[in-house]
Amino acid sequence: MPTLNYPSTLRKHNARFCDEPMNTRSTSTDDSESTPPDPYEVARSGTAFWADAAADAIEARNPEEPVVLKGGVSPSGIPHIGHFNEILRCYFVAEVLRERGHEVRQVFTSDDRDRLRKLPRQLADENWEIVGLGDVDAGALGRNLGRPYTDVPDPFGEADSYGEHFTNLLRRSVERLDIPVEFVSNTELYESGAFDDAIRTVLSNRGTARDLLAGYQDGVDEGYVPFFPVCESCGTLTGTATGVDLDAWTVSYVCEDIETGDDVIEGCGHEGTTSLRNGKLPWRFEWPAQWDVLDVDFEPFGKDHAEGSWPSGTDIARQLFDNDPPVGMVYEWFTLEGAALSSSAGTVVTIDEVLDLLEPEVLLYFFSKRPLKQRDFSIENLDQLVDEFDRFERVALGDSDPGGSDRKQRAQQVYPMLADSEEHLRIPYTFAAVLGMTDDPDLREEIARREGHIPEDASEQAVAGALDRVEQARTWASRTGNAFDYELKRSQMPEVSFDPDTEQALDELAAFVAEGHDGDAIQNRIFELAEEYDLEVGGFFGAGYRLFFDDTEGPKLGLFLAKLDRQFVVDRLRRQR
RNA sequence: GGGCUUGGAGCCUAUGAGGUACAGGCGUGGGACUUUUAAUCCCGAGACAGAGGGUUCGAAUCCCUCCAAGCCCUCCA
């Protein structure tokens with residue numbers, strides 16, 4: 001027995017969901033021992049961290065070491081943050097299990113033998129540049145509809161296939177997040193024969209397989225053969241196998257039209273026979289086959305699978321493969337700015353993009369939250385997420401605990417999974433955005449110090465780390481064009497027109513600046529001049545912001561002007577350049 | 001049609017195995033820092049937990065009905 005250190009309340013909780021009958025229309029008469037916990041319950045964790053509950057459920061199965069956690073997606077297009085549920089939900093559970101002394105293997109299957117069903121409207125090249133379908137040879141790509149992703153050429157001509165191209169992109173994002181993941185190609189599993197036993201099991205028990213599936217799906221009739229061969233003539237993953245010869249390890253087929261949603265992929269009509277390694281199992285069988293072949297103990301999945309392929313999959317795992325299905329966990333989908341994430345519709349945020357806007361630990365933090373909650377990823381309001389993380393970090397590190405001890409305990413548990421143990425100095429995100437108005441690193445630091453965001457005794461390294469956020473926040477501000485998007489208009493003077501009083505006041509201010517005064521003095525002078533010329537204070541400041549930022553707002557003007565080179569300021573105040 | 005998930009102040013995030021929501025943040029109103037903005041500090045307003053029933057001494061937390069959004073019963077994190 002490993003020493004487990006978690007609250008006793010949790011144990012009670014586990015007992016609860018382990019004993020509950022599965023919430024499906026399973027037709028099986030299995031004993032409770034092989035009934036996996038309800039994947040919704042696994043995602044709910046009461047007062048504990050959800051990954052703890054998942055780890056509990058996994059331990060309840062007495063898994064063999066190493067414990068295998070798996071995720072997977074089809075490489076159908078641009079990998080976006082939603083796909084990372086498959087990676088990061090596993091990651092947190094893996095971390096918990098490691099803490100408990102388990103050996104863990106985190107696996108990701110690229111379901112790359114799935115067929116290309118339709119062309120996405122957008123693609124991303126090997127440099128993560130998003131390009132429209134029109135920018136590649138869409139015609140050539142279109143001729144590959146119906147083929148497995150690994151048989152479709154990479155439209156960018158770099159990788160071996162379309163599937164490999166997008167898998168590579170995803171893998172690189174995983175690497176940027178520094179998550180240890182083993183990638184497995186589904187196509188390779190088929191080609192290497194790793195799936196042979198599973199295929200044999202399905203096809204030699206066709207009647208059982210059919211009956212099982214028919215309990216969950218309509219349209220599974222007598223002639224149904226649960227295998228899709230690749231047509232040797234046109235390369236399409238066909239839908240109609242007509243017979244199998246297990247001794248010869250072949251399957252015969254007719255290459256008929258395939259309906260995929262609204263579209264129909266035309267078959268070439270070829271009738272042929274091919275190897276059982278040249279094709280694939282239908283998803284409903286393939287998933288449990290993966291569990292069996294890879295010895296999967298845990299798998300998170302999107303809510304789209306929760307009511308369909310999960311119940312049938314667990315049933316098939318037990319009854320057909322005689323295998324205990326893994327612990328499943330449902331997660332809700334993210335939205336982007338309130339809209340569904342969709343590669344084809346172009347509502348996509350990639351990990352790469354996000355990491356230009358915030359630190360990896362903030363992104364991980366987003367994924368550490370309750371899985372069943374529908375969450376919006378909002379770039380518009382990204383500052384709120386970062387602020388929330390900063391608070392979370394402070395609580396975890398013990399500086400304060402406004403939310404109570406439970407919250408603190410959780411923070412202390414989760415935080416080490418997000419960030420390294422080095423000292424992190426954080427400048428508030430929106431303030432960092434404002435600092436982006438100047439390119440001068442020294443000036444940035446000075447302003448940050450002046451405003452109290454950098455303590456006297458901060459190490460050089462910590463300061464540098466803190467200022468790294470400025471670039472991210474500035475990118476965010478300029479990308480969203482929000483209120484923090486200040487940019488010093490140094491090279492060219494914005495178009496301005498002021499009334500005569502304002503112009504005179506600006507000239508006097510220029511003269512004052514020319515004399516050489518510190519920031520406070522200049523700030524005071526601005527107020528005095530506004531009074532002397534009977535100008536609205538706000539309006540006069542506004543004139544300054546217009547001149548220097550082409551905006552109505554800006555930083556504390558006097559202090560800021562004092563930091564810039566004097567002649568430039570004087571000239572600009574005189575509207576000369 | 002059947003099933004599932006989510007639903008807290010203007011917004012975000014918690015809590016959620018029944019026991020008073022003075023919760024935190026953002027935003028907002030006011031004030032302080034010699035006087036607009038950013039930042040910092042103080043104070044204030046703001047929800048009775050989607051709606052309605054029920055169980056209970058007591059429910060945001062259990063049950064029922066309904067509503068909204070999303071998902072599944074073809075493929076899709």
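Throughout, a chain's letter reflects where its sequence line sits, starting with A, and its residues are numbered from 1.
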Ionic contact status for A:Lys373 with A:Glu332, cut-off 4.0 Å: no
Touch check for A:Gly82, heavy atoms < 4.0 angstrom, all strands: base, sugar-phosphate only, or nothing? base
From B:A39, B:G7, B:G3, nucleotide with atom closest to A:Glu307 side chain: B:G3
Kindly give the atom pairs (protein nitrogen or oxygen, nucleotide nitrogen or oxygen) under 3.5 Å for nucleotides 63-70 of chain B.
from  : atom 1 : to       : atom 2 : distance (Å)
B:G70 : O2'    : A:Lys303 : NZ     : 2.2

Return the value, rounded to whole Å, for the distance between atom CG of A:Leu237 and atom P of B:C75. 14 Å
Closest-nucleotide 5' rank along RNA chain B - winner of A:Phe84 and A:Phe527: A:Phe527
If I take atom CZ in residue A:Arg449 and atom P in nucleotide B:U40, what distance separates them, rounded to the nearest angstrom? 18 Å
Nearest to side-chain heavy atoms of A:Arg391, which nucleotide of B:C73, B:U34, B:G25: B:G25
From B:C73, B:U36, B:U6, pick the nucleotide closest to the side chain of A:Phe541? B:U36
Student check: side-chain heavy atoms of A:Leu145 and A:Arg117 closer than 4.5 Å: no
Report the nucleotide, chosen from B:C75, B:U13, B:C26, that has the shortest atom-to-atom distance to any side-chain atom of A:Asp387. B:C26
Check this for me: does any side-chain nitrogen of one of A:Arg469 and A:Asp390 sit under 4.0 Å from a carboxylate oxygen of the other? yes
Quick one: A:Trp50 CH2 to B:A17 P, roughly how many Å, whole number? 21 Å
Starting the side chain at C-beta, find the nucleotide from B:C12, B:U15, B:U36 nearest to A:Tyr545. B:U36
If the P atom of B:A32 is compared with that of B:G24, how far apart are they to the nearest Å? 24 Å
Check the distance between B:U36's P and A:Phe549's CZ and give it to me in whole angstrom. 17 Å
To the nearest angstrom, the CG-C1' distance between A:Leu116 and B:C75 comes to 13 Å
Toward the 5' end of RNA chain B, by each residue's nearest nucleotide, A:Tyr365 or A:Thr430: A:Tyr365
Partner of B:C33 under the Watson-Crick or G-U wobble criteria, both distances under 3.5 Å, comes out as none
Between A:Phe377 and A:Phe334, is the ring centroid distance below 6.0 Å? no
Length of the NE2-C1' vector between A:His305 and B:U5, whole Å: 16 Å
Whether A:Arg525 engages the ring of A:Phe512 as a cation-pi pair (distance to the six-membered ring centre under 6.0 angstrom, angle to the ring normal within 45°) should be assessed. yes
Now, which nucleotide makes the Watson-Crick or G-U wobble pair with B:G7, with each of the two distances under 3.5 Å? B:C67
B:G24 C1' sits how many Å from A:Arg410 CZ, rounded? 15 Å
Does the ring centre of A:Phe367 sit less than 6.0 Å away from the ring centre of A:Phe84? no
Let's test this: given Watson-Crick or G-U wobble pairing with both distances under 3.5 Å, identify the partner of B:A38. none
As a test of reading the structure: which of B:U15, B:U13, B:A39 is closest to the side chain of A:Arg370, going by heavy atoms? B:U15
In whole Å, what separates the C1' atom of B:G30 from that of B:A68? 37 Å
Paired with B:G58: which nucleotide, if any, by Watson-Crick or G-U wobble criteria at under 3.5 Å for both distances? none
Ignoring the backbone of A:Gln384, work out which of B:C26, B:G3, B:U40 is nearest its side chain. B:C26
Under the 6.0 Å and 45° cation-pi test, does A:Arg375 pair with A:Trp333? no
A:Trp283 and A:Trp310 aromatic centres sub-6.0 Å: no
What integer number of Å spans the C1' atoms of B:A21 and B:U61? 12 Å
I'd like the C1' distance from B:G18 over to B:C62, given in whole Å. 8 Å
Indicate whether the side chain of A:Glu337 and that of A:Ser378 have a donor and an acceptor atom separated by less than 3.5 Å. yes
Mind checking if A:Leu341 touches a base, just sugar-phosphate, or nothing, with heavy atoms under 4.0 Å? base
What nucleotide, of B:A39, B:C12, B:C75, holds the atom closest to the side chain of A:Glu388? B:C12
When the C1' atoms of B:G54 and B:G58 are compared, how many Å lie between them, rounded to an integer? 14 Å
At under 4.0 Å, does any side-chain N or O of A:Arg375 touch on OP1 or OP2 of B:U13? yes
Could you state the CG-P distance from A:Asp390 to B:G24, rounded to the nearest angstrom? 19 Å
Within 45° cone of A:Phe498 ring axis and under 6.0 Å: A:Arg546 NZ or CZ: no
Among the nucleotides B:C73, B:U13, B:A38, which one has an atom lying closest to any side-chain atom of A:Lys373? B:U13
Now, which nucleotide makes the Watson-Crick or G-U wobble pair with B:G44, with each of the two distances under 3.5 Å? B:U28
Please determine whether a side-chain nitrogen or oxygen atom of A:Arg394 lies at a distance below 4.0 Å from atom OP1 or OP2 of B:G25. no
Taking the same atom, C1', in B:U13 and in B:A17, what whole-Å distance lies between them? 22 Å
